[in-house]
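If you're wondering where the values come from, they're calculated on a predicted model, not measured in any experiment.
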Amino acid sequence: MAVKTARARHIGPDLRLEVETGSGHRLVLDTATGNAGPRPAELLLVAQAGCTAMDVVSILAKKRQVVERYEVEVVGDQRDDPYPHVYTRIDVVHHVEGPAVEEAAVRRAIELSATKYCTVTAQLAAGVTEIHHRYVIRRGAAETAEVLEGEVVVTGPGESPDELGRRWLAATAERESNPAA
């Protein structure tokens with residue numbers, strides 16, 4: 001089992017903190033009042049974006065997809081009351097551009113990230129958060145680009161990481177037994 005660490009130190013004024021990760025990286029966290037760094041809850045969206053982006057870019061490269069531009073947008077609905085102000089829904093939209101990017105390859109990369117590889121998705125989906133994983137693909141010149149859009153999978157709420165893995169295995173077995181689908 002891997003052990004990860006973080007240490008937060010109050011540096012003021014008010015609630016400003018300096019955080020150091022176990023890998024030695026530092027960042028400043030703050031409230032909206034001080035505004036010298038991101039809020040802790042914003043970092044959950046940053047973690048979601050980074051985790052899934054690393055998965056999808058890596059998988060598309062392995063599938064030999066020529067991607068000229070990739071961006072992931074993460075938007076979370078955070079409840080106001082009662083405390084704690086948890087995210088109830090997160091929309092993850094992958095924007096992919098390339099001359100011949102295959103829709104099936106993008107869908108599969110997102111599915112693998114959402115149901116097998118992304119630790120952050122599994123952690124959030126195990127709680128109260130429903131996560132929608134979508135894509136927008138642009139192929140060709142900007143003014144005449146073919147645009148493809150779709151939702152790939154919804155994870156959570158209350159979904160165990162083990163169940164996500166079982167769902168991924170079942171979907172893989174179904175695809176292999178019915179390649180025309």
Straight-line distance of [X] [atom1] to [Y] [atom2], nearest 0.5 Å:
X	Y	atom1	atom2	result
Thr115	Arg166	OG1	CZ	13.0 Å
Glu103	Glu149	CD	CD	10.0 Å
Lys62	Leu112	NZ	CG	10.0 Å
Arg9	Glu20	CZ	CD	9.5 Å
Glu111	Ile59	CD	CD1	10.0 Å
Tyr117	Cys51	OH	SG	12.5 Å

Any donor-acceptor pair under 3.5 Å linking the side chain of [X] with the backbone of [Y]?
X	Y	answer
Glu42	Arg39	yes
Arg107	Ile110	no
Arg16	Gly37	no

Is it the case that [X] and [Y] place a side-chain donor and acceptor less than 3.5 Å from each other?
X	Y	answer
His132	Arg89	yes
His95	Tyr70	no
Thr88	Gln78	no
Thr52	Ser113	yes

Count the heavy atoms of every other residue, nucleotide or ligand shown that sit under 6.0 Å from [atom1] of [X], and state whether that count exceeds 12.
X	atom1	value
Arg69	CZ	yes
Arg138	CZ	no
Glu130	CD	yes
Arg7	CZ	no
Leu27	CG	yes

Could you check if a side-chain atom of [X] sits within less than 4.5 angstrom of a side-chain atom of [Y], using non-hydrogen atoms only?
X	Y	value
Ile90	Asp77	no
Val152	Tyr135	yes
Thr121	Thr155	yes

Could you walk me through whether Val101 and Glu68 pass the side chain to side chain contact (heavy atoms under 4.5 Å, CB included) test, one step at a time? CA-CA 9 Å; Val101 174; Glu68 294 175 342; over 6 Å; no
Applying the 4.5 Å side-chain criterion to the ILVMFWY set and letting contacts propagate, would Val86 and Val74 be lumped into a single cluster? no
When clusters are formed by joining ILVMFWY residues with side-chain heavy atoms under 4.5 Å apart, either directly or through shared neighbours, do Val46 and Val28 land in the same one? no
Measure across [X] and [Y] and return the closest heavy-atom pair with its distance rounded to 0.1 Å.
X	Y	value
Thr129	Tyr87	OG1-O, 2.7 Å
Pro38	Leu43	CG-CD2, 3.9 Å
Cys118	Gln48	SG-NE2, 4.1 Å
Leu45	Gly76	CD1-N, 4.0 Å
Ala126	Pro161	CB-CD, 4.3 Å
Asp80	His85	O-NE2, 2.6 Å

Can Val72 and Val92 be said to form a side chain to side chain contact (heavy atoms under 4.5 Å, CB included), step by step? CA-CA 7 Å; Val72 65; Val92 180; 3.6 Å; yes
Using the side chain to side chain contact (heavy atoms under 4.5 Å, CB included) rule, take Leu124 and Ile131 through it: C-alpha gap first, then chi angles, then the decisive distance, then the call. CA-CA 8 Å; Leu124 290 170; Ile131 306 173; 3.8 Å; yes
Under 4.0 Å between a Lys/Arg side-chain N and an Asp/Glu carboxylate O for Arg134 and Glu151? no
For Val93 and Val136, what are the C-alpha separation, side-chain angles and deciding distance, and is it a side chain to side chain contact (heavy atoms under 4.5 Å, CB included)? CA-CA 7 Å; Val93 183; Val136 177; 4.0 Å; yes
